[in-house]
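Step one of this worksheet: look at the structure below.
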Amino acid sequence: MIYRCGDEPLAAHQEESEASEALYELCPGEAFAVLDMGKIWSWGYRCSDHRVGYVATAKLLTDA
């Protein structure tokens, strides 16, 4: 399912933790494909280059 980053940049992490390494950052409005959605963390990839990572689920917006 495709989601979008909200109004602020969103870090994608290597693991399900803010303390884990940030791999890249989603820009506001950027598309993120969620492959596994959890209550706190979602795993997926940035649509522009298919880089994977975990992002905070609450900060994703639906593309509907």
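Because the structure is a prediction, the values reported are computed rather than measured.
- Using modelled atom types, no side-chain atom of Arg46 and backbone atom of Ala12 make a donor-acceptor pair closer than 3.5 Å.
- Contact detail for Val52 and Tyr24: the closest heavy-atom pair is O-CE2, 3.3 Å.
- In this structure, Arg4 contributes its side chain and Gly29 its backbone to a donor-acceptor pair below 3.5 Å.
- Across all non-hydrogen atoms, the minimal contact from Cys47 to Ala33 is SG-N, 3.7 Å.
- Judged as a side chain to side chain contact (heavy atoms under 4.5 Å, CB included), and not counting sequence neighbours, the contacts of Glu15 are Ser20.
- Within 6.0 Å of CG in Asp7 there are 12 or fewer heavy atoms belonging to other residues, nucleotides or ligands.
- Ile2 and Ala31 make their closest contact through CG2-CB, 4.1 Å (heavy atoms, listed as atom of the first residue, atom of the second, distance).
- A chain of hydrophobic side-chain contacts below 4.5 Å, direct or via other Ile, Leu, Val, Met, Phe, Trp or Tyr residues, connects Trp41 to Tyr45.
- Residues His13 and Tyr54 keep their aromatic ring centres 6.0 Å or farther apart.
- Looking at residues two or more places apart in sequence or on another chain, you find a side chain to side chain contact (heavy atoms under 4.5 Å, CB included) between Pro28 and Pro9.
- In the hydrophobic clustering of this structure, Leu35 groups with Ile40; members are Ile, Leu, Val, Met, Phe, Trp, Tyr whose side-chain heavy atoms approach within less than 4.5 Å, directly or through other members.
- One finds the CG atom of Leu26 at 11.5 Å from the NZ atom of Lys59 (value rounded to the nearest 0.5 Å).
- One hydrophobic cluster holds both Val55 and Met1 under the rule that ILVMFWY side chains link at heavy-atom gaps under 4.5 Å.
- For Val34, the side chain to side chain contact (heavy atoms under 4.5 Å, CB included) partners two or more places apart in sequence, or in a different chain, are Tyr3, Phe32, Met37, Ser42, Leu60.
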